[in-house]
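Right, one structure below, let's go through it.
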Amino acid sequence: MNVYLNERSKYIYQSESVLYQRHVFSLTGFFQDMNARPLALSGHVGFDSLPDQLVNKSTSQGFCFNILCIGETGIGKSTLMDTLFNTNFENFESSHFEPKVRLRAQTYDLQESNVRLKLTVVNTVGFGDQMNKQQSYQHIVDYIDTQFESYLQEELKIKRSLHNYHDSRIHACLNFIAPSGHSLKSLDLVTMKKLDSKVNIIPVIAKADTISKSELHKFKIKIMSELVSNGVQIYQFPIDDETVANINTAMNGHLPFAVVGSTEEVNIGNKMLKARQYPWGVVQGENTEEECDRKIQEKLLPYFSFKPLFFVSLQQTYEAKRQEFVGELQRREEEMRQTFVQRVEEKESELKDGERELQGKFEQLKRLHAEEKSKLEEKRRSLEKEMSVFSKRRAASELLQAQAFNTSSNNKKDKERKK
C-alpha cells in the first residue's frame, strides 16, 4: 500500500509538472503569436519552482475523497474498504430486514507520511433487501442530487467559503455485483442506469474467490455485454495523457474488477499478508507477483482518483448538473412568466368582461332613464294642456259670473225706478 501511495505522490508531482509545462508552452505560443522576442536568462529567477509550490500547496491543504458503495447486505463492502485503506473503519452490522434503503455516510481523517486525506465512505444500508425493489435506487439518486445541490448553493452565496467547505459530492461509486456467474441482477442494472449520468460508476465483482477463473472470465464478458446493450456508461480511465495511457488502457480492459477483501493477516512465506484462509488453500488479497484485479483496484483508487477522477470527471459531472440546475431555473422562470402572462390575460379578460357588463348596465339604465324622462315629459305636456283648458274654463266661468252679476244688478235698479 505504501509503495502505491508513493507512486501516487510521484504521479501527482509529474502531473503538476506536465500541467505547468503545458501552461508555459501555451504562454510561449501566445507571446510568439504577439511577435514577442524570446530571451535567454542570464541567471536563476525562481519560477522553475512553481510545480513544487503547487505540490506543496496541495499537500498542505490535504485531499478529499468521497466514495459510494452500492451493494447488497453482506456482500463485502465494508471489508473491501478496510482492505483498500489498510485500516479498520467503524463498521456496523446491518440487518436484512430494513424497511427501506438508508445511506450512512462516515467521514474519517487519514494521514500517511505528510499527506492528509479526508475520506467519506457512504454505505447503502438495506439495498436490495425489500420485497418491492422498484424504488431502491431512488434514495441513492436523491442523496447524490442533494450533495450537488448543497455545493451549488454554497457556490451561489454572496460570501462563499469554498476553501474550508466540506465537499460531499461523490467522486466514485463502487457497484458491488454478486458473484452469481450468470448475469447482472435487474436491480443492479437499473441502479447503474439511473446513476451513470450523476457519478463515476466502477463495477466490481465481490467475493471473486467463490467462482473459478473460467467462470469469472465469462461472467465479466456477460456483464460488459449487458452494460453495453442497455446503454449504461461506466467510468473509463482517461487515455489522452501519454504518461498513463498504457496503464489506463490496461485498467479499462480489466473492467469490471474482480475483488477479494480480507482484514485478516496470514503468515505466508515468513510474511504477514492479508489473505483468506480456506481448508484447501489461501487466497491472497495482496499478491505482488500476480497482477490480480483486486490489486489493480487498490492501485486504482488512491493512485488515480485524485487527478483524473476528481478534477476532470467530477467537474464535468458537476458542470452537467449545474447546466441542469440552470436549465431547471430557466424552465421554472419560463413557467412563472407564462403563468404570470396567463393570469394577466385572464385578469384583463375578466376586467373587459366586467367593463362590458357595466357598459351594458349603463346603457340599460340610460335607456330606462330616457324612457322615464320621455314619460315624464309626456305627463308634463298633458298636465300643462289640462291646466290651460282649466284656465280657459275658469276665465269663461268668471266672465259668465260677472255678466250674470251685472244683469242682476241692472234688473234690481229697474225695479226700484218703477216703484
Side-chain angles (χ1 to χ4, degrees), residues 99-100 132 134-135 137-162 165 168-169 194 197-198 317-419:
K100 64 179 182 179
N132 185 4
Q134 293 182 355
Q135 298 299 323
Y137 63 85
Q138 190 60 45
H139 299 283
I140 305 174
V141 173
D142 294 341
Y143 178 84
I144 295 175
D145 289 340
T146 301
Q147 310 317 308
F148 279 119
E149 181 71 20
S150 300
Y151 188 85
L152 182 61
Q153 293 299 328
E154 181 67 25
E155 192 179 50
L156 294 177
K157 288 182 179 179
I158 298 177
K159 187 177 180 180
R160 293 173 291 184
S161 58
L162 293 176
Y165 174 76
S168 58
R169 295 174 297 172
K194 293 294 183 180
S197 62
K198 301 176 181 294
T317 306
Y318 176 66
E319 288 298 330
K321 186 65 179 180
R322 185 207 296 268
Q323 293 298 327
E324 180 183 349
F325 179 76
V326 173
E328 181 68 17
L329 288 180
Q330 292 176 349
R331 186 186 64 81
R332 291 182 181 179
E333 182 181 359
E334 182 64 21
E335 288 181 354
M336 292 178 64
R337 190 183 68 83
Q338 293 293 341
T339 303
F340 177 75
V341 171
Q342 182 180 359
R343 289 183 178 179
V344 169
E345 291 177 351
E346 291 176 355
K347 195 65 176 179
E348 288 180 351
S349 178
E350 291 178 1
L351 292 176
K352 288 181 180 179
D353 292 340
E355 183 179 359
R356 285 193 295 269
E357 184 179 356
L358 290 176
Q359 185 67 24
K361 290 182 179 180
F362 174 74
E363 294 294 335
Q364 183 179 4
L365 292 175
K366 186 177 179 180
R367 186 172 57 255
L368 292 175
H369 175 70
E371 292 177 357
E372 291 292 333
K373 184 177 180 181
S374 176
K375 290 180 181 180
L376 289 176
E377 288 292 333
E378 184 69 23
K379 289 182 179 181
R380 185 179 65 83
R381 288 193 295 268
S382 177
L383 182 61
E384 288 179 350
K385 185 177 180 181
E386 291 179 357
M387 289 177 63
S388 176
V389 172
F390 177 76
S391 297
K392 290 179 180 180
R393 288 180 178 179
R394 182 180 177 182
S397 174
E398 290 179 350
L399 180 62
L400 291 175
Q401 288 180 358
Q403 290 178 355
F405 180 75
N406 291 333
T407 304
S408 174
S409 298
N410 293 330
N411 292 331
K412 287 181 179 182
K413 288 180 179 180
D414 289 340
K415 289 179 179 180
E416 289 178 355
R417 285 194 200 104
K418 289 177 178 181
K419 289 180 179 181

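Basis for what follows: all heavy atoms, side chains included, without hydrogens, waters or symmetry-related copies. Each residue takes its place number in the sequence, starting with 1.
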Exam field: side chain Ser382 to backbone Glu378, donor-acceptor pair closer than 3.5 Å: no
Value rounded to 0.5 Å, distance of CG in Leu152 from CZ in Arg169: 9.5 Å
Interatomic distance, Leu400 atom CG to Thr407 atom OG1 [nearest 0.5 angstrom]: 10.5 Å
N-O pairing of Arg331 and Glu335 below 4.0 Å: yes
Side-chain heavy-atom pair Glu345, Val341 within 4.5 angstrom cut-off: yes
Straight-line distance of Glu334 CD to Leu329 CG, nearest 0.5 Å: 13.0 Å
Approximate separation, where rounding is to 0.5 Å, of Leu351 CG and Lys347 NZ: 6.0 Å
Gln153 and Glu149 side chains, donor-acceptor separation under 3.5 Å: yes
Salt bridge present between Arg332 and Glu328 (N-O < 4.0 angstrom): yes
Which residues share a ring pair (Phe, Tyr, Trp, His ring centres under 6.0 Å) with Tyr143, sequence neighbours left out: none
Value rounded to 0.5 Å, distance of CD1 in Ile144 from OG in Ser168: 11.0 Å
side-chain contact (heavy atoms from CB on, under 4.5 Å) evaluation trace for Asn406 with Gln403: CA-CA 5 Å; Asn406 291 333; Gln403 290 178 355; 5.5 Å; no
Euclidean distance, Arg343 CZ relative to Thr339 OG1, rounded to 0.5 Å: 6.5 Å
Ser374 side chain to Ala370 backbone, donor-acceptor under 3.5 Å: no
Under-4.0 Å salt bridge between Arg380 and Glu377: yes
Could you pull out all donor-acceptor pairs under 3.5 Å where a side-chain atom in residues 352-363 meets a protein atom, sequence neighbours excluded?
unit_1, atom_1, unit_2, atom_2, d
Asp353, OD1, Arg356, NH2, 2.0
Gln359, NE2, Glu363, OE2, 3.0

Heavy-atom donor-acceptor pair, Ser150 side chain to Thr146 backbone, under 3.5 Å: yes
